[in-house]
Each structure stands twice: as C-alpha cells, then as structure tokens.
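The structure appears right after this line, and notes come after that.
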Protein chains: 2
Amino acid sequence: MQDNITRILKAVADPTRREIFHALVVAATALPITQISNQFEISRQGVTKHIKTLEEAGLVEINSQGRERFCMANPKPLKQVNRWLKFYEQFWDDAIGNLEDYLGQKA
Amino acid sequence: MQDNITRILKAVADPTRREIFHALVVAATALPITQISNQFEISRQGVTKHIKTLEEAGLVEINSQGRERFCMANPKPLKQVNRWLKFYEQFWDDAIGNLEDYLGQKA
DNA sequence: TATATTTGCAACCATATAGTTGCATATTAA
DNA sequence: TTAATATGCAACTATATGGTTGCAAATATA
C-alpha cells in the first residue's frame, strides 16, 4: 500500500478511528470486537474494518481466544508521528526567527 | 467538511502533500505555485489541489501578487497534532506501567 | 444436540480522493 | 498590440474509503 508513517497518519486521520483507538487506550485492557462495537453507532462490520486499518498501522494488536478476538491499543507507532512533527516544532512558534535558526545551522 | 484536527491530519496523511509542505517549509520563503509544481512530477493542477487542501488545514498561506500566488508554509496548526499526540505519549514507552499511572491519577 | 454468540468474508453502495486534460482569463513582457 | 506566463475552473477518470447488509463458520451454552 504505502509507507509506514503514511499508514499511521491515514489511520488516525479518521475521527471514528481515533475514537476507537482512544477507547481502547483508556480501556486499559484487551476488548473483544463486539464489545468495542457496542460503544459505537456504526455496525460491527464498520468497526471491524476500522480496527483492521488500525492493526495494519500497528496501533492495535489482536489476540484470538476461542471465538473472540481481543483488541488492545498499542500507541508506540505514534512515536513515528512525533518524530515527523519534531522537525517542524522549531518553526511553529516564531516561524521566521526559527527558520533563520535552522538555515543558520545548515550553513 | 469536518473538524480541525481531522482536516490537519488528513492533509498531512498524503505523502505528496507532506513533500509539498516540507518543500515550502525549507524554502524559507513564499513561492508561486508554478515554481512549486516544477519540483514535482505531477501536473500543476495536481499540485494546486494539494496546496488548496493544505491551505484549508491552515498549513499554507497564500498571498496574491499580480498574476502569481505566493504560497508560504505555516507549521502552527501542527501544534494541534502535537497536543493530540501528547495524551498518548504517556503510554507509548511502557504501555502497561504508564497506563496504570494514568488510571491511578484518575482514581 | 440444538441454539445462541462472535466473528470473517463477500458483495454492494455512495462519496471522497488523487490525479488528469482542456480551456478561459488575467497579468506581464516584447 | 501581440505573445507569453501564471493561474483558476470545470469535467472527467480511476481508485480508495467508510459504510452497509447477508450469510457461513466456528465456538460456547442450554
């Protein structure tokens, strides 16, 4: 499909997916899909699809037990987003001044 | 369309858009659209569309002068992404331990 | 064994997205 | 004035996306 950071950013760019991810993070435990989908208005299949996208981005890990699939949030891939952001951090407070700093360092 | 953070995340979720944005940031100056599009393989119209998306996310500001439209990067909206990330930062190093910290604070 | 529950798979739909091309228009340069 | 340049607008295309429904299969419960 595409590179890792793109997969991660695309995954969290959808508001429903951010909600699902958040619910899993604060749940502080692995939850089966049906139980997750009960918290949302869209269909179970809709939630399943979102979870798959999150899983492909590494943001959710799935562990099958019997007929249930327990989903757990894994926030680690967000580090990559943080690393991507880091570069721009130097510019966002005082754009012009910091840009000059950056150019100065390069020279 | 949607809320702000979603607009910003969607804008940077596209790799070409990240490249355009990056080019504008390091350019350290406002650039007319044609000049930007020369740096990319896709058509000028393609670039224009991407710039529009970036503009709607607040990541690019456009200033018309004569027949030219000068585009300048504005990294400030990325602060919102940083703020969104911040919450998950406490979990991504030692997920279980930090999750307990978070739950402890809440209790 | 019969029934209920959790899930995956597949097909389908509407809309969004990333890109293209063609053309009209405004501004600048010859 | 004529020609070149920078752009916007519109139409179009292909594919991705977010969602749905129906059904089959595996597991658990009565």
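Each chain gets a letter, A, B and so on, in the order its sequence line appears, and its residues count up from 1.
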Exercise for review: Measure the distance from CZ on B/Arg69 to P on C/dT27 and round it to the nearest whole Å.
Suggested key: 13 Å
Practice item. In whole angstrom, give the distance that lies between atom CD1 of A/Ile51 and atom C1' of C/dG8. Key: 13 Å
Review point. Has the side chain of B/Gln45 got a donor or acceptor that lies under 3.5 Å from a partner of the other kind on the base of C/dG19?
Key: no
Point to revise | Donor-acceptor contact below 3.5 Å, side chain A/Arg69 vs main chain A/Ser64 | key: no
Check your understanding: Can B/His50 and B/Ile42 be said to form a side chain to side chain contact (heavy atoms under 4.5 Å, CB included), step by step?
Key -> CA-CA 11 Å; B/His50 281 309; B/Ile42 63 173; 3.8 Å; yes
Review point. Of A/Ile20, A/Thr48, A/Leu31, A/Ile33, which meets side-chain contact (heavy atoms from CB on, under 4.5 Å) against A/Cys71?
Key: A/Ile33
Review point. Just by modelled atom types, is the A/Lys10 backbone N or O under 3.5 Å from a matching donor or acceptor in the A/Arg17 side chain?
Key: yes
Practice item. Check whether the side chains of A/Arg7 and A/Thr53 place a donor and an acceptor atom closer than 3.5 Å, and report yes or no. Key: no
Exercise for review: Mind calculating the distance between CG (A/Leu31) and P (C/dT5) to the nearest angstrom?
Suggested key: 19 Å
Check your understanding: If you look at every heavy atom in B/Ala13 and B/Arg18, which pair is closest and at what distance?
Key -> O-NH1, 3.4 Å
Point to revise | Heavy-atom closest contact (B/Phe91 atom, A/Pro75 atom, distance) | key: CB-CG, 3.6 Å
Exercise for review: State plainly whether the residues A/Lys52 and A/Glu55 are in salt-bridge range, i.e. N to O under 4.0 Å.
Suggested key: no
Practice item. Please state whether the base of C/dT27 and the side chain of B/Arg67 form at least one donor-acceptor pair under 3.5 Å? Key: yes
Review point. CD1 of A/Ile42 versus C1' of C/dC13: gap in Å, rounded?
Key: 16 Å
Check your understanding: Between atom NZ in B/Lys49 and atom P in C/dA16, what is the gap in whole Å?
Key -> 13 Å
Check your understanding: Taking DNA chain D as the partner, which of residues 6-17 of chain A come within under 4.0 angstrom of it by heavy atom?
Key -> A/Lys10, A/Asp14, A/Thr16, A/Arg17
Review point. If you pin B/His50 and B/Arg44 to their nearest nucleotides in DNA chain C, which one's is more 5'?
Key: B/His50
Review point. For C/dT20, does OP1 or OP2 lie under 4.0 Å from any side-chain N or O of B/Ser43?
Key: yes
Point to revise | Start and end of the DNA chain D segment that chain A contacts, any atom under 4.0 Å from a heavy atom | key: D/dT17 to D/dA28
**Study point:** First encountered from the 5' end of DNA chain D, between A/Gly66 and B/Ile33
**Key:** B/Ile33
Practice item. Assign A/Thr34 to base, sugar-phosphate, or nothing according to its heavy-atom contacts below 4.0 angstrom with the strands shown. Key: sugar-phosphate
Revision key, fill the gap. Whichever of A/Val47 and B/Thr48 has the more 5' nearest nucleotide on DNA chain D, that residue is B/Thr48
Check your understanding: How about A/His22 and B/Phe87: are their ring centres within less than 6.0 Å of each other?
Key -> yes
